[in-house]
Amino acid sequence: MRCGVVSLVGRPNVGKSSLINALLKDKVAVVSPKPQTTRNAVRCIYNGEGAQIVFTDTPGIHLPKNKLGRFLCDSVKDTLDYADAVCWLVEVGDRKIGAEDREVIDALADVTCPVVLVVNKCDRADSRDGPERVYGLYEGARPFAGHTALSAKSGKGVAALIGMLLPFLPEGEPLYDPDILMDSTERFRAGEILRGHVLSLLRDEVPHCVAVEIEEYKSPDEYPDRRKLYVRASLIVETTGQKAILIGEGGKMLKKIGQAARFDLEKATGHSAYLELWVKVSPRWRQSDLVLRRLGYSRPGSR
Ligand SMILES: Nc1nc2c(ncn2[C@@H]2O[C@H](COP(=O)(O)OP(=O)(O)OP(=O)(O)O)[C@@H](O)[C@H]2O)c(=O)[nH]1
Ligand SMILES: [Mg+2]
């Protein structure tokens, strides 16, 4: 049995979370066309013939503009200490190494485990000239233990990535029970379901200014006297203008988010759910150590 931990890293939007979903053949990670969709490093577990690979989905490495962004980038670096191998994801259409890619190169500078270059989005029209050019581009910047091309969207090449990673993993016992898909709590997943709908329903800068705080989570699994799952959540924004957008005309937007999230919560937990949703303003929360810590955007041991 080969078992180990593989970190998926790269700039925002290259398809790290999409690849996680393709590897696990399940929609476990939030995906969106907006950069900085993923906000926490989450371990997602692939079980295959003679292998268990713990893939860590990570936030996109970028040039941070606030303390939240700093946390996102630092949390990627934390995952590298525990990785047996790293996949650096890039896109088949890449024509130059940008500032964010250079941040990735810096983050990987001290990594001693094998790093594999993964060229994603090979289903796209701009992939006609093939991944060879992209291999050349990035291999000029740092050494890799191997390279491969795939499409997280179509699934083509995803199985080959597994085969490529196996020799890098130690022999040993699985780290997780084979029934477990994600190393996260139901409470965290409920927050991610909500954030996913905020991302898909709101435009421009607004989704970046929203945090979800699950204030109460009571499941019939834990409280057998309850017939319904009860979730009380707050959507935290920075300004009253954003609050108005989130609530929408006559409360329409908030209702839409709530209905969509409740549907997904019920599907995910198997319980009918009661979701109480509030919108709160916390000015400049993305710059506040105190609020970031409360929302789970702080590294263990940090003040
Ligand atoms: N055409 C195509 N689009 C893809 C593919 N993989 C991901 N995408 C799209 O790329 C966008 C970003 O995907 P994500 O999986 O959220 O990217 P990410 O790297 O996790 O982004 P962050 O969490 O922001 O760092 C979404 O619109 C996806 O649908 C692919 O293989 N082909
Ligand atoms: Mg992501």
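As a basis for the values below, the full set of heavy atoms in this structure was taken, side chains included, without hydrogen atoms, waters or symmetry mates. Both ligands and their constituent atoms are indexed starting at 1 by order of listing. In this text, all values refer to a predicted model and were calculated from it rather than measured experimentally.
Considering backbone and side-chain N/O of Gly15, one or more are found under 3.5 Å from N/O of ligand 1. No N or O atom of Pro12 sits closer than 3.5 Å to an N or O atom of ligand 1. Inclusion of Asp57 in the set of residues having an N or O under 3.5 Å from an N or O of ligand 1 is not warranted. On a distance-only criterion, Arg11 and ligand 1 share no N/O pair closer than 3.5 Å.
Under the 30°/60° scheme for interplanar angles, the aromatic rings of Tyr297 and Phe71 are found to be tilted.
Across the listed options Asn13, Val31, Asn21, Asn13 owns the non-hydrogen atom lying nearest to atom 21 (O) of ligand 1. In the candidate list Gly93, Ser32, Pro59, Ser17, Ser32 is nearest to atom 16 (O) of ligand 1, counting heavy atoms.
Between Glu238 and Trp285 the shortest heavy-atom distance is OE2-N, 3.2 Å. Considering every non-hydrogen atom in both Ile45 and Ile180, the closest pair reads CB-O, 3.6 Å.
Counting non-hydrogen atoms of neighbouring residues, nucleotides and ligands closer than 6.0 angstrom, the CZ atom of Arg284 reaches no more than 12 such neighbours.
Tyr223 carries Lys218 over the face of its six-membered ring, with the cationic atom under 6.0 Å from the centre and within 45° of the normal.
Residue contact check: Lys16 has heavy atoms under 4.0 Å from atoms 15 (O), 17 (O), 18 (P), 19 (O), 20 (O), 21 (O), 22 (P), 25 (O) of ligand 1. Residue contact check: Gly60 has heavy atoms under 4.0 Å from atoms 25 (O) of ligand 1. Residue contact check: Ala152 has heavy atoms under 4.0 Å from atoms 6 (N), 31 (O) of ligand 1. Near Ser18, the atoms of ligand 1 lying under 4.0 angstrom from a non-hydrogen atom of the residue are 6 (N), 7 (C), 13 (O), 14 (P), 15 (O), 28 (C). The atoms of ligand 1 that sit less than 4.0 Å from any heavy atom of Gln36 are 24 (O).
Contacts between Ser154 and ligand 1 below 4.0 angstrom, taking non-hydrogen atoms only, are absent altogether. Looking at Asp123 against ligand 1, only its side chain comes within 4.0 Å, counting heavy atoms. Of all the heavy atoms of Arg124, the ones lying under 4.0 Å from any atom of ligand 1 belong exclusively to the side chain. The backbone of Pro35, and not its side chain, has at least one atom closer than 4.0 Å to an atom of ligand 1 (non-hydrogen atoms only; backbone = N, CA, C, O). No part of Leu19 comes within 4.0 Å of ligand 1, judged by heavy-atom distances.
Contact of the Ile53 side chain with the Phe168 side chain is not registered, since no non-hydrogen atoms from C-beta on lie closer than 4.5 Å. Contact check for Val118 versus Trp88: no side-chain heavy atoms found under the 4.5 Å cut-off.
Each of Val28 and Val30 belongs to its own hydrophobic cluster when Ile, Leu, Val, Met, Phe, Trp and Tyr are linked at side-chain heavy-atom distances under 4.5 angstrom. If you chain together hydrophobic residues whose side chains sit under 4.5 Å apart, Val237 and Val206 fall into the same group.
The distance from the Mg ion (ligand 2) to the nearest N/O/S atom of Thr38 is under 2.8 Å. Note on Ser17: counted as a metal contact of the Mg ion (ligand 2), an N/O/S atom lying under 2.8 Å.
Neither side chain, His271 nor Glu266, offers a donor N or O lying under 3.5 Å from an acceptor on the other.
Counting protein heavy atoms only, atom 8 (N) of ligand 1 is closest to Lys121 CE, 3.6 Å. The protein atom (non-hydrogen) at minimum distance from atom 6 (N) of ligand 1 is Asn120 ND2, 3.2 Å.
Taking CG of Leu265 as the start and OG of Ser272 as the end, the distance is 11.0 Å to the nearest 0.5 Å. Here Leu89 contributes atom CG and Asn13 contributes atom CG; the two are 12.0 Å apart, rounded to the nearest 0.5 Å.
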